[in-house]
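Note: hydrogens, waters and symmetry copies are ignored here, and every other heavy atom, side chains too, is used. Each chain gets a letter, A, B and so on, in the order the sequences are listed, and its residues count up from 1.
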Amino acid sequence: MGNQAVQLDELISQDYRHGFYTPMEVDALPHGLSEDVIRMISAKKKEPEFMLEWRLKAFRHWLTMTEPHWATVRHPPIDYQDIVYYSAPRSQQDGPQSLADVDPELLRTYEKLGVPLHERELLAGVAVDAVFDSVSVATTFKAKLGELGIIFCSFSEAVQNHPDLVRQYLGSVVPYTDNFFATLNSAVFSDGSFCYIPPGVRCPMELSTYFRINAKNTGQFERTLIIADRGAYVSYLEGCTAPMRDENQLHAAVVELIALEGAQIKYSTVQNWYPGDKDGKGGIYNFVTKRGDCREANSKISWTQVETGSAITWKYPSVILQGDNSVGEFHSVALTNHYQQADTGTKMIHLGRNTRSTILSKGISAGHGSNAYRGLVKVAKSAVGARNYTQCDSLLLGDRCAAHTFPYIEVKNASARVEHEASTSRIGEDQLFYCQSRGISAEDAVSLIVSGFCKEVFKQLPMEFAVEAQKLLGVSLEGAIG
Amino acid sequence: MLEIRNLHVTVDDKPILRGLDLTVMAGEVHAIMGPNGSGKSTLAHVLAGREGYVVTAGEILYLGKNLLELAPEERAREGIFLAFQYPVEIPGVANIYLLKAAVNAVRRHRGEQELDAMDFLVLVKEKFRLMDMDESLLYRAVNEGFSGGEKKRNEILQMAVLEPRLAILDETDSGLDIDALKVVANGVEAMRDPDRAIILVTHYQRLLDHIRPDRVHVLAQGRIALSGGPELAQELERRGYGWVEAEAQKMAGAGAQ
Ligand SMILES: Nc1ncnc2c1ncn2[C@@H]1O[C@H](COP(=O)(O)OP(=O)(O)OP(=O)(O)O)[C@@H](O)[C@H]1O
Ligand SMILES: [Mg+2]
């Protein structure tokens with residue numbers, strides 16, 4: 001019998017499984033950032049003038065900003081001149097017409113990750129817009145979606161084919177001046193997804209995108225824009241894994257959601273980027289700005305996220321509740337293991353009357369992991385009858401990990417009701433022994449307890465995603481038992 | 001079934017068991033009594049494989065095999081069951097999920113087909129009636145907020161569902177009201193089987209009124225100080241442990257020379 005504390009330790013120190021690297025020809029710009037680089041990016045993408053102008057404004061603004069350091073995360077300084085700001089798989093230069101045109105190496109990478117595009121598009125009924133190193137390589141189900149007037153395509157395509165929509169909504173939720181990382185993204189973003197659901201249309205399938213980071217030293221700057229017009233409904237899934245590598249990689253995505261009157265957007269993420277190795281070496285820096293705008297009355301935006309990857313996660317999916325009676329939700333599971341750091345949470349900004357928001361945050365820390373919840377609930381004077389309920393639970397495995405909770409509440413309207421509940425618990429040796437004495441291995445016992453802890457959040461995920469998320473948590477925590 | 005020879009166990013370097021011998025045959029029910037702190041729960045935990053209980057000498061054979069080589073979960077899968085004196089709460093995990101995971105872990109080990117949700121429910125419901133428990137307890141988190149008596153019944157329910165070969169019940173009768181005691185006793189009595197052995201750790205004769213043990217042992221000074229038939233329990237009830245301890249001390253002294 002080994003020592004149980006050691007056992008628990010080994011249990012939670014399983015190595016990253018999706019760690020491999022696909023050699024590919026890459027068409028990359030030289031390192032570094034300047035106006036010239038931005039002009040080149042824009043030119044390569046054959047963008048209209050307004051896009052270039054927007055990028056340049058963002059870049060000039062970025063030069064006046066400094067990196068934020070208030071999150072409870074630590075990392076070596078990022079050299080922004082040492083980042084390659086654009087890279088595209090070479091075979092994708094003219095854009096593939098079908099899967100047959102897709103680089104087979106690329107498809108194999110997806111296979112290894114268990115994302116067989118063929119199956120997904122045909123069997124699962126999911127339209128996949130796969131982002132690989134900044135350029136979309138396959139977009140499916142377009143025809144079917146097209147019949148309903150739904151636009152689901154890469155951001156670049158949207159810029160080409162629907163410039164008016166892009167122009168109208170881009171930056172309307174996250175302006176280019178918003179924050180250091182969002183501003184950088186605005187200047188250099190390479191690609192991403194675009195989705196527009198016309199009035200009264202209920203999108204009949206889950207829209208999903210698989211993000212992947214591959215080329216060496218390539219910062220990823222994705223941009224996602226989703227608009228649900230009046231009375232529309234859409235459920236969007238984002239998932240990602242990344243290959244093993246040594247250097248830290250910056251990922252600074254921006255996601256903007258806009259819900260018009262009576263519209264509903266459900267945005268789910270399962271994030272499994274390379275977290276760095278057991279000693280905290282390598283891994284992705286994930287500094288993401290995600291924000292939804294319930295722009296008109298009776299609209300609803302829900303964020304659900306399961307975060308298990310990245311060396312550092314800095315992310316606060318938020319909802320601006322402008323429309324009267326609009327609803328914002330945030331459901332999150334964040335897991336940190338080894339030396340991972342996560343500083344996540346949400347902001348619910350109540351502006352409209354009778355707006356409601358719910359925050360459910362589940363943080364799991366293991367190893368030397370550090371997990372912080374940072375949430376802001378802001379109720380403006382105008383938000384008569386606003387309500388918020390926040391529940392924030394932390395689960396600790398072992399005794400070298402940490403959990404922090406920072407709830408910020410600003411209420412300017414006396415009729416508002418804001419409730420906050422928090423709890424911290426630890427998986428104890430006695431709980432593991434109790435399960436073991438019933439025939440359940442310590443590893444399975446940890447999974448059981450963790451799943452139980454997360455189930456309220458998993459319930460919010462679409463079925464297939466929930467299964468994937470559960471597996472992912474298992475993988476992130478399991479390991480050989482001595 | 002179970003053979004313990006000259007067992008020495010320390011906890012945090014403190015010797016608790018000091019040369020304990022005990023043999024339990026299949027089909028038998030043994031009662032282990034003894035003063036507080038004498039090492040009864042220690043023995044139960046050592047049998048279940050709990051961490052931190054260090055065996056410094058002696059051996060334990062279970063079904064002819066060296067029990068000490070097995071991890072706790074392997075022991076459970078091989079048929080050892082410990083009903084805890086203080087059942088552990090596991091927030092967030094539904095009682096029924098734990099039970100299902102346990103049953104299927106044992107079945108996998110035996111090379112049997114895992115039970116699906118339906119078959120499992122049938123099995124549990126059947127055992128459930130025996131325990132006279134409120135069905136809502138199945139869907140609540142494991143032991144969380146259970147009353148003392150509910151926790152103990154839940155242990156017996158788990159035992160009934162898992163059908164162990166060797167069951168060790170650590171003071172399952174403590175804290176039960178009279179009706180609950182009967183329910184638990186009936187549950188245990190229903191488990192009596194020629195292929196099964198049961199060890200009851202108890203302080204009270206009243207449990208043994210319901211379940212008649214084949215042997216009664218007194219644990220004192222870290223060893224079995226005295227063994228006898230059911231009548232020994234009655235004698236202990238009348239006379240207390242003082243005289244047994246005095247005897248044990250004499251014997252220990254004799255052994256040392
Ligand atoms: N972790 C520990 N560190 C030090 N001593 C311990 C530890 N665990 C148990 N002990 C001691 O071992 C002795 C035996 O404890 P045990 O729980 O086995 O007694 P018991 O016979 O079950 O008593 P009770 O009838 O009160 O349940 C006690 O003196 C107890 O204090
Ligand atoms: Mg005890």
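- Residue B/Val142 touches chain A through its side chain alone, counting heavy-atom pairs closer than 4.5 Å.
- Of the two parts of B/Leu99, neither the backbone nor the side chain holds a non-hydrogen atom closer than 4.5 Å to a non-hydrogen atom of chain A.
- B/Arg5 has a carboxylate O that lies under 4.0 Å from a charged side-chain N of B/Glu3, or vice versa, which qualifies the two as a salt bridge.
- Taking the charged nitrogens against the carboxylate oxygens, A/Lys290 and A/Glu238 do have a contact shorter than 4.0 Å, which makes a salt bridge.
- Heavy atoms of B/Leu162 lying under 4.5 Å from chain A belong exclusively to its side chain.
- Ring geometry for B/His45 against B/Tyr53 counts as tilted: the plane angle lies between 30° and 60°, on a 0 to 90° scale.
- Residues A/Trp303 and A/Tyr267 place their aromatic rings such that the two centres sit under 6.0 Å apart.
- Shown are B/Val55, B/Val46, B/Leu43; of these, the side-chain contact (heavy atoms from CB on, under 4.5 Å) with B/Ile60 is made only by B/Val46.
- Between chain A and the residues B/Tyr97, B/Tyr86, B/Phe81, the most heavy-atom pairs under 4.5 angstrom are made by B/Phe81.
- Interface check for chain A: of the options B/Pro164, B/Ala141, B/Ala102, the most heavy-atom pairs under 4.5 Å are formed by B/Ala102.
- For B/Phe84 and A/Tyr434, the gap between ring centers is short of 6.0 Å.
- Only the side chain of B/Asn143 comes within less than 4.5 Å of a heavy atom of chain A; its backbone N, CA, C and O stay farther away.
- Counting heavy-atom pairs closer than 4.5 Å to chain A, the top-ranked of the candidates B/Ile80, B/Asn104, B/Val103, B/Leu98 is B/Leu98.
- Using a 4.5 Å cut-off between heavy atoms, B/Glu89 touches chain A through its backbone atoms (N, CA, C, O) alone.
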